[in-house]
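Here's the structure, in structure tokens; my notes come after.
All of these numbers come straight from a predicted model, not from anything done at the bench. All residue numbers refer to positions in the sequence shown, counting from 1.
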Amino acid sequence: MPDIMGMVYGALNTIFNPILALDPNPTNPALTVLIIAFFVSLITTIANKYLVDQDEMNAIQERNKAFQKELRDAQKRGDGKKIAELQAKQTEMMKDQSAMMSNQFKPMIVTFVPIILIFFWMRTSAISNLVIILPPSVYWVTLTPLWHVIGSIFYGGQATIPYGIGWLLWYMICTFGMSQILRKFLGFKQGF
């Protein structure tokens, strides 16, 4: 029986090892993680752009906002008749929410397996030893101490390098930033 994960790991090595080799500091490959985060963000953003009907999503969100505002106003006024009317309309709004959720899952179906494979590669490559030292203000703003506590609960041990983060949190920070930039560049109307 062929070793499928070994073949996948070999293919990922073929793709990502040249990027890792170009990193100015291959023993602490922060730039490689940034480049991988860019490519993953690009793939997920393009999948969102072409698999999700952005106009429909925005229309559903606007209808939902208007409905919520109307309901709040009716509740403030104590207008029982309007509240009952809006509650009857709520099932229709739930259908819209359901349609919006299923629409948002389309890109996830396409991108889930490649992203998991990339995570597998990063966890088993030289990237797993990555430590980034953050400026103290960024360390606190990103809630890194909380992540360290959560990590120590699940994985044992504790952070020993002051203001240091590992590859996963660095990847998450890079991906979040890249995704926002790419969404703006590709003309998304909403930030998230």
### Query
So does Phe120 have more than 12 non-hydrogen atoms from other groups sitting under 6.0 Å from CZ?
yes
### Query
Tell me the salt bridge (charged side-chain N to carboxylate O under 4.0 Å, His left out) pairs involving residues 25-48, sequence neighbours left out?
none
### Task
Determine whether Asp73 and Lys69 make a side-chain contact, defined as any pair of heavy atoms from C-beta on separated by less than 4.5 Å.
yes
#### Entry: Approximate separation, where rounding is to 0.5 Å, of Ile46 CD1 and Thr111 OG1
12.0 Å
### Same cluster (ILVMFWY, side-chain, under 4.5 Å), Ile19 and Trp170
yes
### Task
Work out which heavy atom in Pro107 is nearest to a heavy atom in Asn48; give both atom names and the distance.
CG-OD1, 3.1 Å
### Task
Give the cluster check for Leu51 versus Val40: same hydrophobic cluster or not, with ILVMFWY residues linked at side-chain heavy-atom distances below 4.5 Å.
no
### Task
For the residue pair Ile36 and Leu34, establish whether any side-chain heavy-atom pair is separated by less than 4.5 Å.
no
#### Entry: Atom pair CD1/CE of Ile35 and Met178 - distance to nearest 0.5 Å
9.0 Å
### Query
Roughly how far apart are Arg183 CZ and Gln180 CD, rounded to 0.5 Å?
6.5 Å
### Task
Measure across Leu12 and Ile118 and return the closest heavy-atom pair with its distance rounded to 0.1 Å.
CD1-N, 4.4 Å
### Task
Please confirm whether the backbone N or O of Ile165 pairs with a side-chain atom of Tyr139, one donor and one acceptor, at under 3.5 Å?
no
### Query
Should Ile116 and Trp167 be regarded as members of a common hydrophobic cluster, given that ILVMFWY residues are connected when their side-chain heavy atoms come within less than 4.5 Å of each other, either directly or indirectly?
yes
### Message
Using every non-hydrogen atom in the two residues, find where Ile127 and Met122 come nearest and quote the distance to one decimal.
### Response
CB-O, 3.7 Å
### Task
Calculate, to the nearest 0.5 Å, the distance between atoms CD and CZ belonging to Gln97 and Arg63 respectively.
10.0 Å
#### Entry: Gap between atom CD1 of Ile115 and atom CD1 of Ile43 - 0.5 Å precision
7.5 Å
#### Entry: Spatial distance of atom CD (Glu56) from atom CD (Gln54) [nearest 0.5 Å]
10.5 Å
### Message
According to ring pair (Phe, Tyr, Trp, His ring centres under 6.0 Å), does anything in residues 13-53 pair up with another residue at least two apart or in another chain? List the pairs.
### Response
Phe16-Trp121
### Query
Going by an N to O cut-off under 4.0 Å, is there a salt bridge joining Glu92 and Lys89?
no
### Query
Does Leu168 belong to the same Ile/Leu/Val/Met/Phe/Trp/Tyr cluster as Val33, with side-chain heavy atoms less than 4.5 Å apart forming each link?
yes
#### Entry: Closest heavy-atom pair and its distance - Leu31, Pro24
CD2-CD, 3.6 Å
### Message
Count I, L, V, M, F, W, Y as connected when their side-chain heavy atoms are under 4.5 Å apart, and connections chain through other members. Are Val52 and Met101 then in the same cluster?
### Response
no
### Query
Which heavy atom in Asn64 sits nearest to a heavy atom in Met93, and how many Å separate them?
CA-CE, 3.4 Å
### Query
Of all heavy-atom pairs between Ala30 and Asp23, which one has the smallest distance, and what is that distance?
N-OD2, 3.8 Å
### Message
Please determine whether side-chain contact (heavy atoms from CB on, under 4.5 Å) holds for the pair Ser125 and Tyr9, giving the CA-CA distance in whole Å, both sets of side-chain angles, and the decisive distance to 0.1 Å.
### Response
CA-CA 10 Å; Ser125 71; Tyr9 186 72; 4.3 Å; yes
